[in-house]
Amino acid sequence: NAGVTQTPKFQVLKTGQSMTLQCAQDMNHNSMYWYRQDPGMGLRLIYYSASEGTTDKGEVPNGYNVSRLNKREFSLRLESAAPSQTSVYFCASTYSLGAQGEQYFGPGTRLTVT
Amino acid sequence: KQEVTQIPAALSVPEGENLVLNCSFTDSAIYNLQWFRQDPGKGLTSLLLIQSSQREQTSGRLNASLDKSSGRSTLYIAASQPGDSATYLCAAVNQAGTALIFGKGTTLSVSS
């Protein structure tokens, strides 16, 4: 099992450019999550998908969109990147239909917006 | 709104010492509490999950306790080793079970 995989590992964007961060899990998990981690702010939830076909906003959803493509894949899109979106992005998944189960994290995508 | 606090932000100890990491949360109506480890430049690894009805969980040299009434959880690490050096994060799951609320972590350094 690869667990939770994320692509790309690193990305540099110019302000206004768009990109999609990809996440996939091979553990047959139901719920998937996108977090961002910033120095001094900790991990904050951007969007989540409690089950295939559903998505909901987390604490900091502005400037992002998500797609739960199927049970395995959950993508995060930045339509018009801003320097404030410079961060490390983590995808996570859990078997439970909600956040109460043990969460498994991907290795992260380090994004810089100039 | 649930807030999770971890004190201290950083801790340095010599190898072999037993230590305690603290986590406090403002809303006692949690579904469960989870402890994670994060190595530099890496993702998070789940260490222990304590259900709201439980008082503690153990895994090897790690023991986590939960006191909902006081809004506190502790992670006890026995006989610390240099390989334990990492950032430890706690996270409370809200009662609806929809989200993990993270503390900012305690960065542990164990010297040999």
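Each chain gets a letter, A, B and so on, in the order the sequences are listed, and its residues count up from 1. The analysis underlying the following values was restricted to heavy atoms, covering all of them including side chains, and did not include hydrogens, waters or symmetry mates.
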Residue selection (most heavy-atom pairs with chain B, distance under 4.5 Å) from Pro107(A), Gly58(A), Gly108(A):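 With the most close heavy-atom pairs to chain B, the winner is Pro107(A).
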
For atom CE of Met41(A), is the number of surrounding heavy atoms from other residues, nucleotides or ligands below 6.0 Å larger than 12?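 No, the 6.0 Å shell around CE holds no more than 12 heavy atoms from other groups.
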
With hydrophobic residues grouped by side-chain heavy-atom distances under 4.5 Å, do [X] and [Y] end up in a single group?
{"X": "Val88(A)", "Y": "Val66(A)", "result": "no"}
{"X": "Leu62(B)", "Y": "Leu66(B)", "result": "yes"}
{"X": "Val60(A)", "Y": "Met32(A)", "result": "yes"}
{"X": "Val4(A)", "Y": "Phe74(A)", "result": "no"}
{"X": "Leu89(B)", "Y": "Val93(B)", "result": "yes"}

Which bit of Leu48(B) comes within less than 4.5 Å of chain A, counting heavy atoms only: side chain, backbone, both or neither?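 Leu48(B) has no heavy atom closer than 4.5 Å to chain A.
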
Side chain, backbone, both or neither of Leu100(B) within contact of chain A (heavy atoms, under 4.5 Å):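 Interface part for Leu100(B): both.
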
For a quick check, list the donor-acceptor atom pairs closer than 3.5 Å between chain A and chain B, or say none.
residue, atom, partner, partner atom, Å
Gln37(A), OE1, Gln38(B), NE2, 3.0
Gln37(A), NE2, Gln38(B), OE1, 3.0
Gly40(A), O, Lys104(B), NZ, 2.9
Ala99(A), N, Gly97(B), O, 2.6
Gln100(A), O, Asn32(B), ND2, 2.6
Gly101(A), O, Gln34(B), NE2, 3.2
Glu102(A), OE2, Ser46(B), OG, 3.2
Arg110(A), NH2, Gly41(B), O, 2.7

Does any heavy atom of chain B fall under 4.5 Å from the side chain of Leu45(A), the backbone, both, or neither of them?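 For Leu45(A), the contact with chain B is made by the side chain alone.
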
